[in-house]
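All values reported here derive from a predicted model rather than from experimental measurement. So you know, we letter chains A, B, ... as the sequences are listed, proteins then strands, and number each from 1.
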Amino acid sequence: MAGRSHTIGPTNMAENGIDLETLRHSAAHLMAAAVCELWPGAEYGIGPSIEDGFYYDFLLPEGQRFTDEDLPQIEARMREIASRRPEYLRQELSRQQALAEFGRREQRFKVELIERIPEGEVISCYRTGDFFDLCRGPHVHDASEIPAFKLLHPAGAYWHGDETQPMLQRVYGTAWNSQPELDLYLERLEQARLRDHRKLGRELDLFSISEELGPGLVLWHPYGATVRTVIEDYWRQAHRRAGYQLVYTPHLAREKLWETSGHLGYFADEMFGAMEVEGDRYRVKPMSCPFHILIYKSRARSYRELPLRLAELASVYRYQRSGTLHGLLRVRGFTQDDAHIFCQPEQVEEELARVLRLVREMNARFGFYELEVDLSTKPIKAVGSDELWEQAESALTRVLLAEELEYKLNPGEGAFYGPKVDIHIRDAMGRRWQCATVQFDFNEPERFGLEYVGADGQPHRPVMIHRVLLGALERFFAVLLEHYAGALPLWLSPVQLQVISVSDDQLDYAHQVALRLEQAGFRTEVPDRPGDRMGAKIRDSELAKVPYAAIVGRKEVEANNVNLRNNRNNEQTPISVEDLIARLRSESGS
RNA sequence: GCCGACGUAGCUCAGUGGUAGAGCAGCGGUUUCGUAAACCGCUGGCCGGGAGUUCGAAUCUCCCCGUCGGCUCCA
């Protein structure tokens, strides 16, 4: 899950005990040993340790599949094997020996793996009881050294992750150095479940996805739409400040446009089908770049007006396979905070630096301070000259260094049309999310024949940079919700304050107070369901994660003030409405 | 799309072949109350959809749709 590579537990550091990677890898072997005993003739693929656990892939005889009920049985067999304390015995084999050994055992996946091992590399295997596996190691001494493990869920997984390959049966598990650590991890999984944006979205009445509407299409309810509007307003303001010009473009275009851009060639699988209009074919847009390019091309451009930064909150539609949809994190219709920067080659570094600064500023505003950067470079199949790539990659590297952003290099992982920088944020649970991405594009300026007139009076080709900062509003909203567990900061809360009357007698006063707050620009509600007691209203207010309640009873009416209740820490303060407004202003940064 | 699981009231869930249930929410009434739930009553379901087995299906079988956990891909 690129957008959701969850790390739930503490990092994989062994505080006391065995290195967790070793431990988990050994647990994977133990599980494979158990599976091979229970399903004789099972073939095994790979079984690595992963963040928070391990898995192992199997091909069971006669196309059998694991079900949830199988897991306790496998786990019991693992414990039984572990109680015999089999040692993990290392053995180095020659290529021929290894091929013969796994050939004899009819382990075709292992044979394939051995064939892929480069000449001259040591081929090592590990034996655990009757289980024999190709493996680099290292491992624990014996199976009793795995103090705490649990199998989590079965899943299907293609061999080498390739759909054309057979689908293997994967079992995920987790292993820790002690039972309390395992318990803590399971508890964190439960915590993550509680702050799942899909659950919060329903409970807080923020959004829904309706089967009648269609999978992967989002309905933003009034509260959710309010948050989105706040995000959008801030975004527009920040972009205008940063020198962007805002544009709007349609949701449809002639299919021909996507031929020109090249999207039909390599992106057709993700585009919704064509519709016929007056003999012409139209497509719903999966991205906005061609539209922004057409704005650029609508007249001759001078070097004097570059960089031209066109930005749009653009709703796009992409056909995602049904199995990949996931709440707001993976949808078919979403809104990118898209922008395209057209500039002269020598302006590239400055533009990149500005984008990165804007990424920092915006993420910080939303409460994300930790950024992790991936730089992906030229893949084997690519357009554009080596020289262009070289320039762009070195510009990216220089800017990352200058901005003091540490980055991870992913050689060959760039898009075919240009190198890219992906920026990940870490949320409150330590999970990593990709939101912002900056990509060079050597393809489209060429295809659309973009030009500007330079100081020399000659036509030149501009450099084009695609970038999103929040990514998609849907996904970003989901990340925000999970980050704050639904308790959004004051400036983002759909309802910032509720005025709660002690009895119905103070309702008039409550409405007067609310009116003053609304006039001061705060989103305010007065709960007035007849018969509800103050306690019930406070409870509802807390459950709705409204940051503040202003309690008004007889005392407050008399003193012409309110009793401010911080719903998040139950702090109570008598305060005048003027002071309350000042306080809310300062907290919300407005 | 593929593998597995699941789908009962708006929500959370009970109900394994014999008349569809609970709590919360909603609605009506009574209560006017000081920091997380007042009380009484009522409404609400083609048991995801379709086909089949059966005297009889929420329950068993098959197909479809959707959701969830993965694989792949990505904002």
Side-chain angles (χ1 to χ4, degrees), chain A residues 1-4 55 57 60 63-71 152-172 193 196 198-199 202-203 205 208-216 267 269-270 286-287 314 316 318-338 415 422 433-437 466-476 478-479 500-507 529-543 549-556 563-567 570-572:
Chain A
M1 298 184 244
R4 356 182 242 121
Y55 68 80
D57 289 343
L60 299 182
Q64 290 178 79
R65 326 269 189 218
F66 291 122
T67 69
D68 292 327
E69 287 76 55
D70 293 326
L71 299 191
L152 298 175
H153 43 254
Y158 298 105
W159 176 237
H160 294 312
D162 179 346
E163 286 174 57
T164 63
Q165 298 279 347
M167 175 164 273
L168 308 182
Q169 297 297 303
R170 177 172 295 181
V171 179
Y172 281 94
R193 203 182 63 77
D196 187 310
R198 293 166 296 189
K199 182 172 148 70
R202 191 169 49 238
E203 288 170 356
D205 199 9
S208 61
I209 294 174
S210 154
E211 189 175 337
E212 277 179 279
L213 215 202
F267 208 73
D269 288 354
E270 288 190 49
M287 56 231 336
V316 298
R318 297 185 188 172
Y319 165 70
Q320 311 277 359
R321 294 193 289 181
S322 55
T324 65
L325 299 175
H326 181 99
L328 294 187
L329 288 169
R330 199 52 200 279
V331 291
R332 286 179 174 162
F334 55 100
T335 306
Q336 292 183 301
D337 68 317
D338 208 0
D422 296 318
W433 307 89
Q434 188 199 317
C435 292
T437 151
H466 306 252
R467 44 110 289 185
V468 291
L469 303 190
L470 306 179
L473 290 181
E474 288 75 8
R475 172 181 288 179
F476 190 75
V479 172
I500 292 177
S501 61
V502 173
S503 78
D504 288 357
D505 291 344
Q506 294 89 33
L507 269 175
R529 282 210 325 245
D532 259 8
R533 298 191 174 181
M534 182 191 64
K537 290 190 257 192
I538 286 173
R539 179 184 145 85
D540 288 348
S541 188
E542 288 218 359
L543 290 177
I551 313 292
V552 295
R554 225 169 262 142
K555 261 186 346 207
E556 286 73 25
N563 192 303
L564 182 67
R565 179 183 202 274
N566 182 329
N567 278 342
N570 197 10
E571 197 181 271
Q572 293 166 37

[N] OP1/OP2 closer than 4.0 Å to side-chain N/O of [X]:
| X | N | value |
| --- | --- | --- |
| A/Tyr319 | B/G1 | yes |
| A/Arg202 | B/U12 | yes |
| A/Ser322 | B/G1 | yes |

Which heavy-atom pair separates [X] from [Y] by the least distance, and what is that distance?
| X | Y | result |
| --- | --- | --- |
| A/Gln320 | A/Val331 | CG-O, 3.4 Å |
| A/Val502 | A/Met534 | CG2-SD, 3.8 Å |
| A/Asp57 | A/Tyr55 | OD1-CD1, 3.6 Å |
| A/Ile209 | A/Gly216 | CG2-N, 4.1 Å |

Need one value for [X]: base, sugar-phosphate or nothing, where a base atom within 4.0 Å counts as base even if backbone is also close, heavy atoms only.
| X | value |
| --- | --- |
| A/Gly471 | sugar-phosphate |
| A/Phe267 | nothing |
| A/Val316 | nothing |
| A/Glu203 | nothing |
| A/Glu270 | sugar-phosphate |
| A/Pro154 | base |
| A/Tyr55 | nothing |
| A/Gly327 | sugar-phosphate |

Suppose you measure atom [atom1] in [N] against the same atom in [M]; what distance do you get, rounded to whole Å?
| N | M | atom1 | value |
| --- | --- | --- | --- |
| B/U31 | B/A22 | P | 28 Å |
| B/G66 | B/G28 | P | 38 Å |
| B/U35 | B/U19 | P | 49 Å |
| B/G1 | B/A20 | P | 35 Å |
| B/C6 | B/U59 | C1' | 15 Å |
| B/C65 | B/G49 | P | 15 Å |
| B/A25 | B/A37 | C1' | 13 Å |
| B/G50 | B/U8 | P | 16 Å |

Measure from [atom1] on [X] to [atom2] on [N] and round the result to the nearest Å.
| X | N | atom1 | atom2 | result |
| --- | --- | --- | --- | --- |
| A/Arg170 | B/G4 | CZ | C1' | 13 Å |
| A/Trp159 | B/U72 | CH2 | C1' | 16 Å |
| A/Asp57 | B/C71 | CG | C1' | 9 Å |
| A/Asp422 | B/C74 | CG | P | 10 Å |
| A/Glu163 | B/G70 | CD | C1' | 14 Å |
| A/His326 | B/C73 | NE2 | P | 18 Å |
| A/Arg529 | B/G28 | CZ | C1' | 14 Å |
| A/Glu211 | B/C64 | CD | C1' | 11 Å |

Examine distances only and state if a side-chain atom of [X] and a backbone atom of [Y] form a donor-acceptor pair shorter than 3.5 Å.
| X | Y | value |
| --- | --- | --- |
| A/Arg170 | A/Ala155 | no |
| A/Glu474 | A/Thr335 | yes |
| A/Asp337 | A/Leu469 | yes |
| A/Ser208 | A/Ser210 | no |
| A/Glu542 | A/Arg539 | no |

5' priority, RNA chain B, between A/Leu470 and A/Leu325 [closest heavy atom]: A/Leu325
Aromatic-base stack, A/Phe66 on B/G4, cutoff 5.5 Å, angle under 30: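 Base of B/G4: not stacked against A/Phe66.
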Polar pair under 3.5 Å, donor/acceptor by atom type, side chain A/Arg330, base B/C73: yes
Distance-only donor-acceptor test (3.5 Å): side chain A/Tyr158, base B/G1: yes
Answer whether the closest heavy-atom distance between the side chains of [X] and [Y] falls below 4.5 Å.
| X | Y | result |
| --- | --- | --- |
| A/Arg529 | A/Asp540 | yes |
| A/Cys435 | A/Leu470 | no |
| A/Glu270 | A/Tyr319 | no |

Range-with-range stems for RNA chain B, at least three Watson-Crick or G-U pairs under 3.5 Å: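 Ordered by first number, the stems with RNA chain B (at least 3 consecutive pairs each) read B:1-7 with B:65-71, B:10-13 with B:21-24, B:26-30 with B:38-42, B:48-52 with B:60-64.
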Nearest-nucleotide pick for A/Met167, side chain only, options being B/G4, B/C2, B/U72: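 Nearest to the side-chain atoms of A/Met167, counting from C-beta on, is B/C2.
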Contact state string [nucleotides 33-40 of chain B, B base, S sugar-phosphate only, - no protein heavy atom under 4.0 Å]: BBBBBB--
